[in-house]
Engineer: 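A single structure is presented below for examination.
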Amino acid sequence: MSLPPPARVHIIGGGLAGLSAAVELAPQTQVRLYEAGPSCGGRARSYYDRALETEIDNGNHLLLSANPYTFRYLDLLGARDTLRTPGGPLFPWYDLRDGLAWHLNLGRGRVPYWLLSPHTRVPGMRLREMAGLRNLLRAGPDEVVADCLVPGEFSRRLLEPLAVSALNTDIDSGSAQLLGTIVRRTLAKGGTACQPWMAARGLSRSFVTPALDWLKRCHAEVHTGQRITEIVREKGRVTALNSASGPIRIGRDEAVILAVPPVVASTLLPEVEGPDAFESIVNAHFRLPVSTRAKGVVGKAGFVGLVGGMAEWVFLHDRVLSVTVSAANRFADIPSEVMLNTIWEEISQALNSVLTTPLPLTRPRARLIREKRATFAATPLQARRRPGAVTSTVNLALAGDWTDTGLPSTIEGAIQSGLAAVAALGFRSGYSKQD
């Protein structure tokens, strides 16, 4: 006979993994969530930047329609309408090296008709390069992305930038198997799985504020500014959580979900062997003197991917241009001012011809944010170090995009991990193992 689920669950960490678990649990049991920082959301939150005098996102995130757990989370919170989308699988690109603007429209069906015409496929590609997709789908746990790709414009202009942004790891060391999972869930399923979505009014209004409102309605407790310093265990169970404000007793009918970054998790649970190598992400935000809009496909999409430079993705938000640079360890020694000037030159080259108001010649106010441990390095070695949700402590489960979700560090992986931790404790959950 199975035991009843715990009467209360304590969740350590208020990032998306912890919020996902809390939102799922709140209608089923009592929930207490502890966040060490002043606000919840982790890497998927917004804040007011005093230097730019506007609200910006902590990081830029592009969602795809093939993110079932993310959209389930948003629908549960009634927050899907806070996203915007071009309405189809449309991706504008600009090749900085060749000065070439193009776009990819994958169509609605599963059959890749876009490959049959030189007007709809990646410029300069050869069909034999498609073997790279097949190689990724068949990749083993020790293969890296570079081993699978076929040299050519399809790889350089599409697969390589997608790999770097999805894995946040360069193609010479990034796991081909992890990227293969992304390909299997997106490109291999056709255009309906590849429609892009973005937070229209900031990440917090999509992912954080609605979750906190939901938890409040369900009478869950959310404690910000409360760092858990120790997990006390006796006879295979968590019995207490120590914090700066004193101990928190964990009863025999209570459980704990640990949803913190891997470095913090290994401090609290020394036996957990999580990833120990990390990659940084750089986000640059430019505050324009006047509002501007983009014409054509860039205006419809609201973003553009860049190839051949430092910048990778540019998101257009009225008077703010936000730029993402993934796998940014390679730029760690470049001064911030140099990076900002380089990125500004690149986005000026890519955008000026499609903007209703040209960008100023002089770089406007800007902010460069380096997240030194944004994600685990998505290499084959690090992928093998990812633990599952279940632990050897009976009333303790793990969550976080660094746990073994089968995905790289993504919003989808974080939300999925929260659901997996809920299921591991015996509660009803929307989690089901894929692939």
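All residue numbers refer to positions in the sequence shown, counting from 1.
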Engineer: Return yes when atom CZ of Arg50 has more than 12 non-hydrogen atoms of other residues, nucleotides or ligands closer than 6.0 Å, and no otherwise.
Structural biologist: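 Not buried by this count: 12 neighbours or fewer within 6.0 Å.
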Engineer: For Arg8, look at atom CZ and say whether over 12 heavy atoms of other residues, nucleotides or ligands are found less than 6.0 Å away.
Structural biologist: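 Yes - once you tally the heavy atoms of other residues, nucleotides and ligands closer than 6.0 Å, there are more than 12.
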Engineer: Dump the intermediate steps for side-chain contact (heavy atoms from CB on, under 4.5 Å) on Ser46 and Arg205, then the final yes or no.
Structural biologist: CA-CA 8 Å; Ser46 312; Arg205 296 190 192 184; over 6 Å; no
Engineer: Side chains of Asn168 and Ser326: closer than 4.5 Å at any heavy-atom pair?
Structural biologist: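 SC-SC contact between Asn168 and Ser326 confirmed.
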Engineer: Would you say the side-chain atoms of Glu35 pair up with the backbone N or O of Gly14, donor to acceptor, closer than 3.5 Å?
Structural biologist: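 Yes, Glu35 side chain to Gly14 backbone: donor-acceptor pair under 3.5 Å.
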Engineer: Between Leu179 and Leu167, which heavy-atom pair has the shortest distance, and what is it?
Structural biologist: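 For Leu179 and Leu167, the tightest heavy-atom pair comes out as N-CD2, 4.0 Å.
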Engineer: I need the minimum non-hydrogen distance between Cys194 and Leu106, along with the two atoms involved.
Structural biologist: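 Looking at all heavy atoms of both residues, the shortest contact is CB-CD1, 3.5 Å.
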Engineer: Can you tell me how far apart CD1 (Ile11) and CD (Glu221) are? Round to the nearest 0.5 Å.
Structural biologist: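 Reported to 0.5 Å precision, the distance equals 12.0 Å.
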Engineer: Hydrogens and angles aside, do Glu312 and Thr324 bring a side-chain donor and acceptor to less than 3.5 Å of each other?
Structural biologist: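 No pair is found: no donor N or O on one side chain lies under 3.5 Å from an acceptor on the other.
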Engineer: Is there a side-chain contact between Leu64 and Arg185, using heavy atoms and a 4.5 Å cut-off?
Structural biologist: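 Sidechains of Arg185 and Leu64: no contact.
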Engineer: Between Thr169 and Gly174 (side chain of the first, backbone of the second, donor and acceptor by atom type, cut-off under 3.5 Å), is there such a pair?
Structural biologist: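 Absent.
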Engineer: Is the backbone N or O of Tyr69 less than 3.5 Å from a side-chain atom of Glu412, with the two atoms forming a donor-acceptor pair by type?
Structural biologist: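 Yes, the answer is positive, given that a donor and an acceptor are paired below the 3.5 Å cut-off.
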Engineer: Would you say that Leu74 contacts Phe207 through its side chain, given a criterion of any heavy-atom pair below 4.5 Å between the two side chains?
Structural biologist: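 A side-chain contact exists here, since the closest heavy-atom pair is under 4.5 Å.
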Engineer: Within a radius of less than 6.0 Å around CZ of Arg367, do more than 12 heavy atoms belonging to other residues, nucleotides or ligands occur?
Structural biologist: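 No, not enclosed.
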Engineer: Show, in sequence, the C-alpha distance, side-chain angles and deciding distance for Thr375 and Glu279, and conclude whether the side-chain hydrogen bond (donor to acceptor under 3.5 Å, both in side chains) test is met.
Structural biologist: CA-CA 6 Å; Thr375 71; Glu279 262 287 357; over 6 Å; no
Engineer: Tell me yes or no: between the side chains of Gln195 and Thr85, is some donor less than 3.5 Å from an acceptor?
Structural biologist: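 Judged by distance alone, the side chains do pair up.
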Engineer: Using a 4.5 Å cut-off on heavy atoms from C-beta on, say whether the side chain of Tyr48 contacts that of Glu53.
Structural biologist: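 Touching, per the 4.5 Å side-chain cut-off.
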Engineer: In Å and rounded to the nearest 0.5 Å, what is the OG1 to CD distance from Thr29 to Glu24?
Structural biologist: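 Nearest 0.5 Å value for the OG1-CD distance: 13.0 Å.
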Engineer: Do Asp98 and Arg157 come close enough that some side-chain heavy atom pair is under 4.5 Å?
Structural biologist: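 Sidechains of Arg157 and Asp98: in contact.
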Engineer: Is there a side-chain contact between Tyr431 and Val422 in this structure, where contact means two heavy atoms from C-beta onward sitting under 4.5 Å apart?
Structural biologist: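 No. Closest side-chain heavy atoms not under 4.5 Å.
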Engineer: Taking Asp95 for the side chain and Gly308 for the main chain, is one N or O donor matched with an acceptor at less than 3.5 Å?
Structural biologist: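 Side chain of Asp95 to backbone of Gly308: no pair is present.
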Engineer: To the closest 0.5 Å, what do you measure between CG (Asn67) and CZ (Arg72)?
Structural biologist: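 Between Asn67 CG and Arg72 CZ, I get 14.5 Å after rounding to 0.5 Å.
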Engineer: Say you draw a straight line from CZ of Phe286 to CZ of Arg363; how long is it, rounded to the nearest 0.5 Å?
Structural biologist: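 The CZ atom of Arg363 is 6.5 Å from CZ of Phe286, to the nearest 0.5 Å.
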Engineer: Tell me, with the steps shown, if Leu203 and Arg45 meet side-chain contact (heavy atoms from CB on, under 4.5 Å).
Structural biologist: CA-CA 5 Å; Leu203 290 168; Arg45 61 181 174 84; 5.7 Å; no
Engineer: I need the minimum non-hydrogen distance between Pro364 and Pro289, along with the two atoms involved.
Structural biologist: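 It is CB-CD, 4.4 Å.
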Engineer: Looking at OG1 of Thr209 and CH2 of Trp214, how far apart are the two atoms once the value is rounded to the nearest 0.5 Å?
Structural biologist: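 Going from the OG1 atom of Thr209 to the CH2 atom of Trp214 covers 16.0 Å.
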Engineer: Could you check if a side-chain atom of Leu149 sits within less than 4.5 angstrom of a side-chain atom of Leu136, using non-hydrogen atoms only?
Structural biologist: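 Yes, side chains in contact.
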Engineer: Can you tell me if CZ on Arg384 sees more than 12 non-hydrogen neighbours from other groups inside 6.0 Å?
Structural biologist: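 Result for CZ/Arg384: enclosed.
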Engineer: Would a distance-only check, ignoring hydrogens and angles, find a side-chain to backbone donor-acceptor pair under 3.5 Å from Asp170 to Ser173?
Structural biologist: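 Yes, the answer is positive, given that a donor and an acceptor are paired below the 3.5 Å cut-off.
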Engineer: Checking Glu129 against Arg121 for the salt bridge (charged side-chain N to carboxylate O under 4.0 Å, His left out) test, could you report, in this order, the C-alpha distance in whole Å, the side-chain angles of both residues, the deciding distance, and whether it holds?
Structural biologist: CA-CA 12 Å; Glu129 292 180 69; Arg121 60 179 179 238; over 6 Å; no
Engineer: Applying side-chain hydrogen bond (donor to acceptor under 3.5 Å, both in side chains) as the test, list every pair that has at least one member in residues 396-410; sequence neighbours left out.
Structural biologist: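 Residue pairs with at least one partner in residues 396-410: Arg386-Thr405.
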Engineer: Short question: side chain of Ser155, backbone of Val150 - any donor-acceptor pair under 3.5 Å?
Structural biologist: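 Checked: pair present.
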Engineer: Run the numbers on Tyr34 and Leu241 for side-chain contact (heavy atoms from CB on, under 4.5 Å), then give the verdict.
Structural biologist: CA-CA 11 Å; Tyr34 311 95; Leu241 304 176; 4.1 Å; yes
Engineer: Got a donor-acceptor contact below 3.5 angstrom from the Ser322 side chain to the Phe315 backbone?
Structural biologist: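 Side chain of Ser322 to backbone of Phe315, a donor-acceptor pair under 3.5 Å: no, none is there.
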Engineer: Heavy atoms only: give me the nearest Pro89-Gly107 pair and the separation to one decimal.
Structural biologist: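 So the two residues come closest at CG-O, 3.1 Å.
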Engineer: With sequence neighbours left out, what residues match Asn135 under side chain to side chain donor-acceptor pair (under 3.5 Å)?
Structural biologist: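 With neighbours one apart ignored, the set is empty.
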Engineer: Can you check side-chain contact (heavy atoms from CB on, under 4.5 Å) on Trp344 and Leu359, steps first, answer last?
Structural biologist: CA-CA 10 Å; Trp344 180 250; Leu359 297 177; 3.9 Å; yes
Engineer: Please report the interatomic distance CD(Glu337) to OG1(Thr342), rounded to the nearest 0.5 Å.
Structural biologist: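 Here the interatomic distance stands at 10.5 Å.
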Engineer: What class does the angle between the rings of Phe303 and Trp313 fall in, given that below 30° is parallel, 30 to 60° is tilted and above 60° is perpendicular?
Structural biologist: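 Rings of Phe303 and Trp313: tilted, 30 to 60°.
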Engineer: Within a strict 4.5 Å, meaning less than it, do heavy atoms of the Arg287 and Thr54 side chains meet?
Structural biologist: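 Arg287 vs Thr54: side chains touch.
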Engineer: Is it true that atom CZ of Arg385 has more than 12 heavy atoms of other residues, nucleotides or ligands lying nearer than 6.0 Å?
Structural biologist: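 More than 12 within 6.0 Å, yes.
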Engineer: Asn242 and Thr229: side-chain donor and acceptor closer than 3.5 Å?
Structural biologist: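 Their side chains do not contain a donor-acceptor pair, so the 3.5 Å distance test is not met.
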